[in-house]
Amino acid sequence: QTGGAASAAGAASAFERYYRAQKILPDDEWPAMLRALRRPLPTCLRITHGPRSGQLLDRLKSLHASVGVRAERLRWAEDSLQLEAERKVLKKQHADLQAVLQQHLDTGDVTRQEAV
């Protein structure tokens, strides 16, 4: 490994050494924990509250459904959607949808939201 990859691998092993030393998990649970930490975060959107936010939320949900991407409201955030697709997948496989989404991001009608 060279450059950034070696640095990332060193940081990952330092992370694991540090947290293993804290004894926050039994040793046999570490592989599952590390797999969970490496999973990409879901793509989430928050609709800026306004007179048409409900219509926009429904439109975005319907657009995503039309290309086979499930979009569900987050229970704890009324005007939000969690998409069952990673950001990279949306950009590469659903360019038209990404263009509509980008338009709303640019106008401030929609913001990206992490649901963690």
Side-chain angles (χ1 to χ4, degrees):
Q1 293 179 345
T2 61
S7 176
S13 62
F15 172 89
E16 188 175 344
R17 279 193 312 274
Y18 175 81
Y19 282 102
R20 278 185 185 258
Q22 305 309 308
K23 305 279 188 209
I24 58 174
L25 286 175
D27 283 341
D28 63 333
E29 291 183 26
W30 271 98
M33 172 71 158
L34 293 173
R35 280 192 305 276
L37 291 172
R38 288 183 180 111
R39 274 196 314 261
L41 292 172
T43 301
C44 298
L45 308 171
R46 181 167 278 195
I47 311 305
T48 303
H49 187 71
R52 296 185 318 236
S53 57
Q55 291 172 327
L56 178 56
L57 191 65
D58 291 340
R59 178 173 181 243
L60 289 174
K61 192 171 181 178
S62 145
L63 279 171
H64 285 85
S66 72
V67 295
V69 175
R70 200 171 94 203
E72 297 292 327
R73 284 188 174 187
L74 293 170
R75 289 186 313 269
W76 50 267
E78 185 179 322
D79 293 332
S80 64
L81 290 175
Q82 179 171 321
L83 311 179
E84 228 181 62
E86 294 177 40
R87 188 174 175 183
K88 286 189 265 185
V89 172
L90 286 174
K91 278 185 166 184
K92 289 181 181 178
Q93 296 178 7
H94 306 292
D96 293 345
L97 177 59
Q98 179 65 22
V100 170
L101 186 56
Q102 189 60 52
Q103 191 175 32
H104 288 293
L105 288 164
D106 291 344
T107 61
D109 293 333
V110 175
T111 54
R112 292 193 188 277
Q113 175 79 36
E114 288 185 357
V116 291

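Nothing fancy with the numbering, it's 1 onward along the sequence. Values below: all heavy atoms of this structure, side chains included; hydrogens, waters and symmetry mates excluded.
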(message) So that I can tick it off, tell me whether Arg73 and Asp58 are bridged by a salt bridge, with the cut-off set at under 4.0 angstrom between side-chain N and carboxylate O.
(response) yes
(request) Locate the shortest heavy-atom distance separating His104 from Leu60; write the atom from each residue and the value. (result) CD2-CD2, 4.4 Å
(message) Contact between Asp109 and Gln103 at the side-chain level, heavy atoms closer than 4.5 Å - yes or no?
(response) no
(message) How close do Pro42 and Leu83 get, counting heavy atoms only, and between which atoms?
(response) CB-O, 4.4 Å
(request) Starting at NZ of Lys61, measure out to OG of Ser66 and round the result to the nearest 0.5 Å. (result) 13.5 Å
(request) Check whether more than 12 heavy atoms from other residues, nucleotides or ligands sit under 6.0 Å from atom CG of Asp96, and answer yes or no. (result) no
(request) Apply side chain to side chain contact (heavy atoms under 4.5 Å, CB included) to the pair Leu101 and Leu97, showing each step before the final yes or no. (result) CA-CA 6 Å; Leu101 186 56; Leu97 177 59; 5.5 Å; no
(message) For the CZ atom on Arg112, are there more than 12 heavy atoms of other groups (residues, nucleotides or ligands in this structure) within a distance under 6.0 Å?
(response) yes
(message) What verdict does the side chain to side chain contact (heavy atoms under 4.5 Å, CB included) test give for Val100 and Arg59, after you've listed the backbone C-alpha separation in whole Å, the side-chain angles of each residue and the deciding distance to 0.1 Å?
(response) CA-CA 11 Å; Val100 170; Arg59 178 173 181 243; 4.0 Å; yes
(message) Nearest 0.5 angstrom please: His64 NE2 to Thr43 OG1, how far?
(response) 8.0 Å
(request) Kindly say whether Ile47 contributes a backbone atom to a donor-acceptor pair with the side chain of Ser53 at under 3.5 angstrom? (result) no
(request) Nearest 0.5 Å please: distance from the CD1 atom of Ile24 over to the OH atom of Tyr18. (result) 9.0 Å
(request) Search all heavy atoms of Val69 against all heavy atoms of His94 and return the closest pair with its distance. (result) CG2-NE2, 3.6 Å
(message) Quick check for you: to the nearest 0.5 Å, what is the distance between Tyr19 atom OH and Leu34 atom CG?
(response) 12.5 Å
(request) Flag yes if more than 12 heavy atoms outside Gln102 fall under 6.0 Å of its CD atom; otherwise flag no. (result) yes
(message) Nearest 0.5 Å, please: how far is CZ in Arg17 from CZ in Arg20?
(response) 11.5 Å
(message) Could you measure the distance from the CZ atom of Arg46 to the CD atom of Glu78? Nearest 0.5 Å is fine.
(response) 10.0 Å
(message) With a 4.5 Å cut-off on side-chain heavy atoms, are Leu81 and Gln113 touching?
(response) no
